[in-house]
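Some notes on the structure that comes next.
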Amino acid sequence: MSDTDALNIPRSSFPRVVIVGGGFAGVALAKKLSGKEVQVVLLDKNNYHTFQPLLYQVSTGGLEPDSIAYPIRKILQDYPNFFFRMAEMQQVQTGNQKIVTNIGSLSYDHLVIAAGSETNFFGNTEIEKNGMAMKSIPQSLNLRSMILENFEQALLTDNLHERDALMNFVIVGGGPTGVELAGALAEIKKGILPKDYPDLDTRRAQINLIQSGDRILKEMSENASKKAEDFLESLGVQIWKNTRVTSYDGKKVTTKTDLEFEAATLVWAAGVKAVSIKGLDAQEILKPGNRLQVNEYNQVQGFENIYAIGDIACMEKEDTPRGHPMMAQPAIQQGRHLGDNLVRLLEGKKMEPFIYKDKGSMATVGRNKAVVDLKNYKFQGVFAWFVWMFVHLFFLIGFRNRMIVFVNWVYNYVRFDREARLIIRPYQRDYSWFKE
């Protein structure tokens, strides 16, 4: 078998489109190419698509992971000329139009990079080692286990200082991820911990949200930011603005000010960066956040048949000088648009430039508390919370997942409970450090 056949993809008379990444952008593109005269090969290191906006609910026991994940093969199983391989791309060889993966190499006619993003620790290796990220289902399960293990450990000590540290949570980053996680933890503290741990004074548990700027949800309107802050404070979350975390050794959180925290849990939600692609890492095409510079057709600078969509793409335009937001909507829209453009290209027609349609942004803080910014309307509170739920249910893949999430939300709302607080895969941690 030649190296181009190492992934056991049959040769075809149709042009081969290789898509790297099964996130929002990659799946949207693959769907658009279904039934067209192209051979589509989708690669991802996981065999499932993750609905990342709800990862925080997995971390806090509100949902089981299989309710926000969906098999990639099932999404595209009825599409002709479609192939999926569970593989991780290692390098792009632009000279001979091949990609190298951990299971072999593959040639392409058109290559689409939709590999997404990862947590950005901004070079702070100590925080990366000791802090917790929340960008994937395994990471969310690790965080869920550690949160519960910390409370189990708190029961075993009579040292008040040590117990407080085990029940102290520090969330770094006041974006939607940090805000939603802080709100979920605050609701757990209020309604669940007293019942689960009656022999533990859970009132001493603290949720601290640290933001380096002067307001949380800085990408949303000032009114939404202020209202979200009010919601969090009403739930007992302590918000520290204009504060930058500099180090975390696993026990003590240090900032640029004189503020310090003794905490067993630090969740880093302060930023993301695009996944690095070897072979497409020349400085002239890399933009801030490790994103690939693309033109208005999503073509990577300097290449006609290599494209980037979603979080990894940076399309600088007058209205988006830093590229589009690294969120689901731009990724979905770019995936669909590129699918249409590839069909136009194969039909000998001109491609059309991508125009982003901003459908607004939203964040939930907790039960009956959310903020929504639409183009012409901005609202908060109960109605915003219902809108947030409807939108997230709509974009979940699979009827079963929608039903499971909906039933879970209704149950949690009526019973004020989160029954997925299970330590299925223990997070290995050395607690002796807290006894020193």
Side-chain angles (χ1 to χ4, degrees), residues 24 28 50-60 62-63 67-68 134 171 173-187 207 209 211 213-237 239 241 269-272 310-311 319-320 322-334 336 355-397 401-402 405-406 408-410 412-414 416:
F24 289 110
T50 303
F51 191 78
Q52 290 189 341
L54 293 181
L55 280 173
Y56 82 96
Q57 293 209 4
V58 174
S59 299
T60 54
L63 295 172
S67 61
I68 67 165
M134 199 179 63
I171 302 167
T177 299
V179 167
E180 291 176 347
L181 179 61
L185 287 173
E187 288 195 328
I207 298 99
L209 180 62
Q211 169 66 2
D214 58 358
R215 66 185 180 99
I216 61 174
L217 298 178
K218 62 180 181 179
E219 301 299 332
M220 299 184 69
S221 66
E222 289 191 18
N223 191 35
S225 174
K226 179 63 171 63
K227 197 66 178 178
E229 187 173 333
D230 292 341
F231 285 150
L232 287 172
E233 288 179 342
S234 70
L235 290 170
V237 176
I239 301 174
K241 294 179 287 187
V272 294
D311 289 357
D319 56 337
T320 56
R322 295 184 299 168
H324 296 96
M326 298 170 76
M327 300 188 303
Q329 265 305 311
I332 293 171
Q333 291 182 32
Q334 286 183 0
R336 291 172 177 170
I355 300 175
Y356 174 53
K357 297 177 181 178
D358 189 353
K359 296 185 178 181
S361 53
M362 58 186 68
T364 181
V365 181
R367 182 187 180 95
N368 296 332
K369 299 178 178 67
V371 292
V372 174
D373 282 355
L374 302 180
K375 186 175 182 180
N376 299 317
Y377 301 97
K378 295 176 175 59
F379 47 95
Q380 305 86 34
V382 178
F383 180 63
W385 186 64
F386 278 107
V387 170
W388 179 91
M389 287 196 298
F390 172 79
V391 169
H392 283 69
L393 282 173
F394 179 80
F395 281 103
L396 269 170
I397 297 178
N401 282 11
R402 294 191 186 105
V405 171
F406 177 72
N408 268 277
W409 283 350
V410 171
N412 293 345
Y413 185 84
V414 173
F416 207 92

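Reckoned from all heavy atoms, side chains included, excluding hydrogens, waters and symmetry mates.
Not a single donor-acceptor pair under 3.5 Å links the side chain of R367 to the backbone N or O of E187. Although no hydrogens or angles enter the test, the distance criterion places a donor-acceptor pair under 3.5 Å between the side chain of W385 and the main chain of G366. Side-chain atoms of E219 do not come within 3.5 Å of backbone N or O of G175 as any donor-acceptor pair. At distances below 3.5 Å, not a single donor-acceptor pair connects side-chain atoms of Q380 with backbone N or O atoms of V371. Proximity of a side-chain donor or acceptor of R402 to a complementary backbone N or O of I397 within less than 3.5 Å is not detected. Side-chain atoms of T364 come within 3.5 Å of backbone atoms of K369 as a donor-acceptor pair (strictly under, hydrogens ignored). A donor-acceptor pair under 3.5 Å links the side-chain atoms of T60 to the main chain of Y56, judged by distance alone. Under the 3.5 Å distance criterion, the side-chain polar atoms of S225 are matched with a main-chain donor or acceptor of I216.
To the nearest 0.5 angstrom, L396 atom CG is 8.5 Å from H392 atom NE2. With values rounded to the nearest 0.5 angstrom, N412 atom CG is found 7.5 Å from L63 atom CG. Atoms CG and CD, from L185 and E180 in turn, are 12.0 Å apart once rounded to the nearest 0.5 Å. In this structure, CZ on R215 lies 10.0 Å from NZ on K241, to the nearest 0.5 angstrom. In this structure, OH in Y413 is found 4.0 Å from CG in N368, a value given to the nearest 0.5 Å. With rounding to the nearest 0.5 angstrom, the CD1 atom of I68 is 6.5 Å from the OG1 atom of T50.
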Intermediate values then yes/no, side-chain contact (heavy atoms from CB on, under 4.5 Å), F231 and V179: CA-CA 10 Å; F231 285 150; V179 167; over 6 Å; no
Might you work through the side-chain contact (heavy atoms from CB on, under 4.5 Å) test for L374 and K359, ending with a clear yes or no? CA-CA 6 Å; L374 302 180; K359 296 185 178 181; over 6 Å; no
Applying side-chain contact (heavy atoms from CB on, under 4.5 Å) to Y356 and Q334, what does each step give before you reach the verdict? CA-CA 8 Å; Y356 174 53; Q334 286 183 0; over 6 Å; no
Start with the C-alpha distance between Q329 and F395, add both sets of side-chain angles, then the distance that settles side-chain contact (heavy atoms from CB on, under 4.5 Å), and finish with yes or no. CA-CA 10 Å; Q329 265 305 311; F395 281 103; 3.2 Å; yes
Side chain to side chain donor-acceptor pair (under 3.5 Å) evaluation trace for D373 with S221: CA-CA 7 Å; D373 282 355; S221 66; 2.9 Å; yes
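At most 12 heavy atoms of other shown residues, nucleotides or ligands fall within 6.0 angstrom of atom NZ in K226. Within 6.0 Å of CZ in F406 there are 12 or fewer heavy atoms belonging to other residues, nucleotides or ligands.
The minimum heavy-atom distance between Q211 and G173, with the atom names listed, is OE1-C, 3.8 Å. Summarising the geometry of A28 relative to I332, their closest heavy-atom pair is CB-O, 3.7 Å, with the distance given to 0.1 Å. Across all their heavy atoms, P330 and P325 have their closest contact at CG-O, 3.3 Å. Taking every heavy atom of both residues into account, T177 and A269 meet most closely at CG2-CB, 4.0 Å. The heavy-atom pair separating A182 from V237 by the smallest distance is O-CG2, 3.8 Å.
Classification of the F51-F24 ring pair by plane angle, with boundaries at 30° and 60°, yields perpendicular.
For the pair S67 and N408, the minimum side-chain heavy-atom distance is 4.5 Å or more.
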